[in-house]
Amino acid sequence: MHACLAQLALKTSPIEKYTYLSDLRNTNVHLFYRLVVDNMKDLTPLIYTPVVGEACIKWSEIYRQPEGLYISYSDRGNIASVIQNWPQPKVEITVVTDGSRILGLGDLGINGMGIPVGKLALYIACAGIHPDNVLPLTLDLGTNNKQLWDDPLYMGSRREKITPEEEQEFLDELMAALSEKWPGIVIQFEDFKNPFPALARYRDTFTCFNDDIQGTGSVVLAGVISAVRETKVPVKEHRAVFMGAGSAGVGVAKQIVEYFVKEGLTEDEARRRFWLVDTKGLVTNDRGDKLADHKIYFSRDDNDGRQIKSLAEVVEYVKPTILMGLSTIGGIFDEHILNRMGEMNESPIIFPLSNPSSKSECTYEEAMRHTGGRAVFASGSPFPSLDYNGKTYCPGQGNNMYVFPGIGLGAILCKAVNITQEMIYASAVSLSTSLTPEETEKNWLYPDINRIRDVSVIVARGVIRMAQEQGLDREIMLRDLSDAELDRYIQTRMYDPKAEKSLVEHEIAAFATKQQQANGASHL
Ligand SMILES: NC(=O)C1=CN([C@@H]2O[C@H](COP(=O)(O)OP(=O)(O)OC[C@H]3O[C@@H](n4cnc5c(N)ncnc54)[C@H](O)[C@@H]3O)[C@@H](O)[C@H]2O)C=CC1
Ligand SMILES: CC(=O)C(=O)O
Ligand SMILES: [Mg+2]
């Protein structure tokens, strides 16, 4: 362990650290996970956002070994037999992407494989799914990123992205093949450019969810519940401006609508507390363009014909208490906008949620400095703590990594038939109750990331209880357990890298020696 940390410290760039850790995972899986579990806060930024973003951009360059399964459009008709190639007999969960919207980096084609690999590494480290039971899955459905076509190292097909109709047919075959081979498998959709049709089509027939719409909705809701409490502004007086009206923006807004309704607003009153902004400005009914279906629910009809283009103008028009960033536009919350949020609110809620860090709508330091240190803040990628006016402040990380591991774990353990909206909502409420009194006292919006395994138990319990309430659990013996017994059951089912026999000192030493030799060779 110490040797590995020392080796890691010698790597000078984030991408070298990423490849070092990938090598470790591929040569001594239990050692890798022990290292991650013991150093969660320091290592998650290296195996997940932000560094996984750089890894995806450079995927073809840094490629060393296959770490997941690629299925190509030309495999259609034979997907079931391609799946047979996966070497592990048991798969409990898969994360699947087509690479068409990787973080805020756009269409990266099959180079998006870093995302299923990274998300599943968190499933293993944060929720104790066994490393042998996960399937990172990337679909090569073509790419409209022509730079990739010109890259001689690109390993995907050089063809236009298939049509939505072709994609639906392909996904129908894939979903059937996965469920036939591994009955009960949990399927997490990740980083698809347009994920709404698949979610609508499969949510009632398979055990699946979309992390960007639902996982993000859940994690941000949990943060908003605490943030709203912190502002002391009543729920019905909050007004939210969303920069970005894509899958994450709409997913988050809808989840908060549900919360506002539970707090006593009618659905229509709740819906009207949201103003969404996209590339064309404020989303309104009479803007003159054909709105994508997912935006219609929040489209404004009270703008008196006025079309507002810029975020600064929307902020003046709405006077928001909440400013959310899910736009992929780094730095769009500029000094002026942050100043205005600080002038308009005692405790402005500012969540720049785009990933990776380069796409964050503002930094923690900017949010604090330009609001006089009063921002109630969470970002998608991590920012360091900040010394400001003689005090140290810690930013929240509003990233779906706080919930998707627990959602998947809960669904696996209770053998959920489906993953319903109610189960997702339960995950948010569970997360919001998972803070310790000390964390609440410090006004944190999210628990310490080093406690993520405990948090995943709480989230998994919430998901299981809701599945039971809805009669969607197949592991019915869990129904009779008290909460304490259920927590213990969940803990005992979690993979613990420290308990694995193969983690013996000579293996650790062997890995360190191998790395030293490799370092020596690379310096020749
Ligand atoms: N913190 C977290 O846990 C999560 C963060 N995200 C991040 O959210 C971002 C958006 O993700 P999705 O909604 O899935 O993408 P998307 O592509 O569906 O949506 C992006 C939205 O931003 C808008 N937009 C883009 N450029 C703009 C501009 N110049 N001005 C105004 N609006 C602009 C687009 O019109 C669209 O509405 C990504 O950076 C992603 O990494 C996504 C999921 C989870
Ligand atoms: C965190 C995540 O899922 C995203 O940025 O897409
Ligand atoms: Mg995502």
Side-chain angles (χ1 to χ4, degrees), residues 44-45 48-50 52-53 56 95-108 112 114-116 118-119 122 188-196 199 209-224 241-255 275-283 287 289 291-295 298-299 308-314 324-334 337 351-361 377-383 395-405 428 431 445-446:
T44 45
Y48 184 54
T49 184
V52 72
C56 288
V95 173
V96 56
T97 189
D98 69 348
S100 57
R101 193 285 280 148
I102 291 298
L103 306 175
L105 301 168
D107 180 352
L108 299 187
I115 290 296
K119 294 260 175 189
L122 296 194
Q188 171 170 325
F189 286 91
E190 193 70 50
D191 289 8
F192 280 72
K193 179 65 192 160
N194 180 15
F196 291 99
L199 180 61
F209 71 105
N210 181 288
D211 187 37
D212 298 297
I213 303 171
Q214 299 174 289
T216 316
S218 165
V219 81
V220 179
L221 171 59
V224 163
V241 165
F242 274 60
M243 187 62 183
S247 36
V250 169
V252 168
K254 282 213 167 146
Q255 201 78 86
W275 286 261
L276 270 50
V277 181
D278 65 12
T279 39
K280 300 195 182 71
L282 183 66
V283 177
R287 204 167 66 170
D289 59 330
L291 292 178
D293 288 350
H294 65 271
K295 295 182 190 174
F298 288 107
S299 174
I308 310 179
K309 297 283 175 222
S310 76
L311 177 62
E313 287 172 283
V314 174
M324 293 280 172
L326 289 147
S327 67
T328 76
I329 307 301
I332 191 98
F333 296 171
D334 61 17
I337 286 170
F351 282 18
L353 295 164
S354 290
N355 296 314
S357 315
S358 59
K359 304 293 177 185
S360 188
E361 284 78 5
F377 180 96
S379 56
S381 295
F383 281 108
Q397 192 182 352
N399 191 292
N400 46 33
M401 68 179 287
Y402 271 109
V403 288
F404 69 74
L431 175 60
L445 302 182
Y446 295 100

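Residue numbers count from 1 along this sequence. Every number for a ligand or one of its atoms is a count from 1 in the order of the listing.
Per-residue contacts place Glu190 under 4.0 angstrom from the following atoms of ligand 2 (heavy atoms of the residue considered): 3 (O). Taking every non-hydrogen atom of Gly380 and a distance limit under 4.0 Å, the qualifying atoms of ligand 1 come out as 1 (N). In the vicinity of Asn399, heavy-atom distances shorter than 4.0 Å reach the ligand 2 atoms 1 (C). Interface of Tyr48 with ligand 2, defined as ligand atoms under 4.0 Å from a residue heavy atom, comprises 1 (C).
Residue contacts with ligand 1: Lys359 is placed with no nitrogen or oxygen under 3.5 Å of a nitrogen or oxygen of the ligand (distance criterion only). Residue Arg101 places at least one N or O, backbone or side chain, under 3.5 Å from an N or O of ligand 2. At a 3.5 angstrom cut-off on N or O pairs, Gly246 counts as close to ligand 1. Checking only distances, Val277 never comes within under 3.5 Å of ligand 1, N or O to N or O.
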Any chance you could lay out the side-chain contact (heavy atoms from CB on, under 4.5 Å) test for Trp275 and Val283, step after step, and finish with the verdict?
CA-CA 7 Å; Trp275 286 261; Val283 177; over 6 Å; no
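Neither side chain, Ser100 nor Asp107, offers a donor N or O lying under 3.5 Å from an acceptor on the other. Ser360 and Ser354 share no side-chain donor-acceptor pair at under 3.5 Å. Defined by atom type and a distance below 3.5 Å, a donor-acceptor pair is missing between the side-chain atoms of Tyr446 and Asn399. Side-chain contact of Asp191 with Thr97: a donor-acceptor pair under 3.5 Å is absent, judged by distance alone. With 3.5 Å as the limit, one finds a donor-acceptor pair spanning the side chains of Ser327 and Glu361.
With atom 1 (N) of ligand 1 as the reference point, the heavy atom nearest to it among Gly281, Gly53, Gly398 is part of Gly398. Of the candidates Ile332, Asp107, Asn355, Thr279, it is Thr279 that places a heavy atom closest to atom 33 (C) of ligand 1. With distances taken over non-hydrogen atoms, the option nearest atom 2 (C) of ligand 2 out of Met401, Lys359, Lys119 is Lys119. Distances from atom 15 (O) of ligand 1 to the heavy atoms of Met324, Met243, Arg101 show the closest one on Arg101.
The side chain of Thr216, and not its backbone, has at least one atom closer than 4.0 Å to an atom of ligand 1 (non-hydrogen atoms only; side chain from C-beta on). Looking at Phe404 against ligand 2, nothing comes within 4.0 Å, counting heavy atoms. The residue Thr49 has no part lying near ligand 2, judged by heavy-atom distances below 4.0 Å. With a 4.0 Å heavy-atom cut-off, ligand 1 is reached by no atom of Met401. Using a 4.0 Å cut-off between heavy atoms, Ile115 makes no contact with ligand 2 at all. At a 4.0 Å heavy-atom cut-off, ligand 2 touches Asp191 through the side chain alone. Residue contacts with ligand 2, taken as heavy atom pairs separated by less than 4.0 Å, involve Asp212 solely via side-chain atoms from C-beta onward.
Residue, atom and distance of the protein heavy atom nearest to atom 38 (C) of ligand 1 are Thr328 CG2, 3.6 Å. Protein heavy atom nearest atom 23 (C) of ligand 1, with residue, atom name and distance: Gly244 CA, 4.0 Å. Summary of contacts: the protein heavy atom closest to atom 25 (C) of ligand 1 is Ser327 O, 3.3 Å. Of all protein heavy atoms, the one lying nearest to atom 20 (C) of ligand 1 is Leu326 O, 3.9 Å. Looking only at heavy atoms of the protein, atom 5 (O) of ligand 2 is closest to Asn355 ND2, 2.8 Å. For atom 17 (O) of ligand 1, the closest heavy atom belonging to the protein is Lys193 NZ, 2.6 Å. The protein non-hydrogen atom at the shortest distance from atom 18 (O) of ligand 1 is Ser247 N, 3.1 Å. For atom 26 (N) of ligand 1, the closest non-hydrogen atom of the protein is Ile329 CD1, 3.5 Å.
In summary, of the residues considered (Val219, Val220, Leu122), a side-chain contact (heavy atoms from CB on, under 4.5 Å) with Tyr402 occurs for Val219 alone.
Using a 4.0 Å heavy-atom cutoff, Val219 is absent from the residues neighbouring ligand 1.
The pair Asp278-Lys280 does not meet the salt-bridge criterion, since no charged nitrogen lies less than 4.0 angstrom from a carboxylate oxygen. A salt bridge does not link Lys193 to Asp98: none of the charged side-chain nitrogens sits closer than 4.0 Å to a carboxylate oxygen.
Note: angle at the Mg ion (ligand 3), from OD1 of Asp191 to OD1 of Asp212, is 90° (rounded to 10 degrees).
Restricting Glu190 to its N/O/S atoms, the shortest distance to the Mg ion (ligand 3) is reached by OE2.
Residue Leu353 holds its CG atom at 13.5 Å from CE of Met243, rounded to the nearest 0.5 Å.
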